[in-house]
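Just so we're clear, the structure is a prediction, and the values are computed from it rather than from any experiment. Chain naming here is simple, since letters A, B, ... match the order of the sequence lines and numbering starts at 1 in each.
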Protein chains: 2
Amino acid sequence: MKKVNQQSTLTITPRSLDMQAADLLREQILSGSFAPGTRLLEVDLSAQFGLSRGTIRSALQQLTHEGLAVQYPYRGCAVCSLSAQDAWELYTLRQALETLAARLACDQITPERSQRLQAALSQLANAASQQNWREVAEADFALHQVIVQAAGHRRLQAQYKVVEQQIRLYIISCNALYSDLDQIVAEHQHLVNAIISGDATLAEQVAKSHNTDGEMLVEQLRQAEVV
Amino acid sequence: MKKVNQQSTLTITPRSLDMQAADLLREQILSGSFAPGTRLLEVDLSAQFGLSRGTIRSALQQLTHEGLAVQYPYRGCAVCSLSAQDAWELYTLRQALETLAARLACDQITPERSQRLQAALSQLANAASQQNWREVAEADFALHQVIVQAAGHRRLQAQYKVVEQQIRLYIISCNALYSDLDQIVAEHQHLVNAIISGDATLAEQVAKSHNTDGEMLVEQLRQAEVV
DNA sequence: AATCTAGAGATTGTTGACAATCAGCAAAAA
DNA sequence: TTTTTGCTGATTGTCAACAATCTCTAGATT
C-alpha cells in the first residue's frame, strides 16, 4: 500500500482562502478581465467571492506587493496602470535579472538542464513558425523561466516572476504584437547556445543584448502617451 | 498666513496602524532586538503593542514580503534565518542591482548628483579613518542609496531596499566585521569616479567588480555552517 | 461671487469572537 | 514493540460589526 506523501501528485495542498482569492484575482488581471485602472473594492469582491472583507483585504495586499494592484487608503484599490516610465523600469530590471540568470545558469549548466533549454527553444521556434504571437509570448516566457530556474537562486526566481507578471499586464493592456518572430527565435537561439556553451561571460553579454520585445514595448507606450 | 501643505515639514502623514506596527517590528529586527529565528506570534505581539491580532497579522504579512520574516501556516511566524545559500543569493542579486544602478546613474549624471556622490564618499572615508566599522557599514549603505536614487528607477529602489534590509539582518546575525577599511574606501572611490565620469560601460564594470563585503559575508556564513 | 463648513455616502481600517489547522502526546489497538 | 487514533493546547484563519478617513456637495458665511 503506497503511502501518500508531500511529493505525491495525489496530495492536496491546503491553501488559505486569502491566497486563493489572490490567485483568482491575479488570474483575472493577467487574463485581461480586469483592465488596468479597474477599481478593486473590498465590498464588491467580498460579495462576489462570498468571503469576508478581511480575507479580500489580505488578498489585495498580496497583489499590491506583486505590483499588480495599487492601494489608495480609504478610497479603494485598483489594477495597476502603466506609464512609459513603468515599462522602462520593467524592461531594464528584467534585463538585469535575465543577465544574472544567464550567467548563473551557465556556471551551473548540466546535460539535463541543457536539454530543457533546448526543448523550450524548440517550443518557441514552433510557435514562431505558426505565426502565433500569443504562443510566441508564452514560449518566450517559458524559456526564460527555464533559464531562471537553472540559476538555482530562489530570490531571483521570485523577483523575476513579479517582473514577468507586470510585463504580462502591460502586454495585455497594449495589445502588443510581435512584429518579427524570426528575429525573436534567432535571439533566443543565440542565448541558449551561449548558456549551454559554459562561457559565462558570453552568456552574460548575449543576455544583455537580448532586448527586442522590451524595447518595442517601451516605444509603444511612449507613442501612446504622446498621442 | 502660510498654508500648511503636503510638502511642508509640519505635515503629519497618516500611517495606518498596521504599517506602523510593521515599521516598529522592522526596526526591532534590524537592530538585533529580535534575533533570526525569534518567533513572532500574533497573540504575543498583539498584547505587547495593544493592537488587535488582525492588525499585527497585516504587519507580519508586510514583513514576510520584505523577506525579514517567514510564515509557518497555523504555527507562527519567525524572524528569517540565513544560510550561506541565502547570503550568496543576496550578494549576487545585490551586485546585479548595483550594476544596473551604476549604469543608469551614469547615464543620467548631473553636477548636483555628482556632488551628492562625492559627499557620500567623504562620509565613507571619514568613517574608515576612524576605524569605526559600524559607521563604515552605514556610510557604505548610504553611498549605494545615493547611487540607486540617482538611477531614477522606482522599482530598482524598492527592490534594492528589500535586499539591503536582508543584508543588514545577516550582518547583525553574523557580527560581521570589516577587515580592510582602506580597501573599501578605495573601491568606492573607484566606483564613484566611474559613475561621475559619464562612462556607463566603465561604471558597470566597476560595479560588477565591487564585491568585497559581499564575498566576505558569504564566506563567513559558509565557515559557520561547516563548524 | 468666492470661500468655508458641515454632513452624507463610499470605502477602508480595526476589533473581538468564532472556526480551522497543526504538532505533540497519551492511550488504545495490532 | 510498533502503529494508529484521539485529544489537547497553541496558534492562525475568517468573520461580522464598529470605527475612521476621504471626497464631494449643498448650504452658510464673508
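Rounded to whole Å, the distance from CZ on B:Arg53 to C1' on D:dT14 is 10 Å. Between the P atom of C:dA19 and the CG atom of A:Leu17 lies a distance of 15 Å, rounded to the nearest Å. The distance from atom CZ of B:Arg15 to atom C1' of D:dA20 is 17 Å, rounded to the nearest whole Å. Residue A:Tyr74 contributes atom OH, which lies 7 Å from atom P of D:dC22 at whole-angstrom precision. In this structure, A:Tyr72 places its OH atom 21 Å from P of C:dA10, rounding to the nearest Å. Atom CD in A:Glu42 sits roughly 14 Å away from atom C1' in D:dA17 (whole-Å rounding). What separates CG of A:Leu45 from P of C:dT11 is a distance of 11 Å, to the nearest Å. Between the P atom of C:dT12 and the CG atom of A:Leu60 lies a distance of 8 Å, rounded to the nearest Å.
When the nucleotides D:dA16, C:dC22, D:dC22 are ranked by their closest atom to the side chain of A:Ser52, D:dA16 comes out on top. Between C:dT12, D:dC15, D:dC22, one nucleotide has an atom nearer to the side chain of A:Thr55 than all others, and that is D:dC15.
In summary, B:Glu164 and B:Arg168 engage in a salt bridge, as defined by a charged side-chain N under 4.0 Å from a carboxylate O. In summary, A:Asp23 and A:Arg15 engage in a salt bridge, as defined by a charged side-chain N under 4.0 Å from a carboxylate O.
Between B:Val43 and A:Arg75, it is B:Val43 whose nearest contact on DNA chain D lies nearer the 5' terminus.
Backbone-only contact: A:Arg39 has heavy atoms under 4.0 Å from sugar-phosphate atoms and none from a base. No engagement by A:Gly54 is indicated, since no non-hydrogen atom pair under 4.0 Å with the nucleic acid exists.
Counting heavy atoms from C-beta outward, B:Leu117 and B:Ile109 have side chains that approach closer than 4.5 Å.
No hydrogens or angles considered: a donor-acceptor pair under 3.5 Å links the side chains of B:His65 and A:Gln62.
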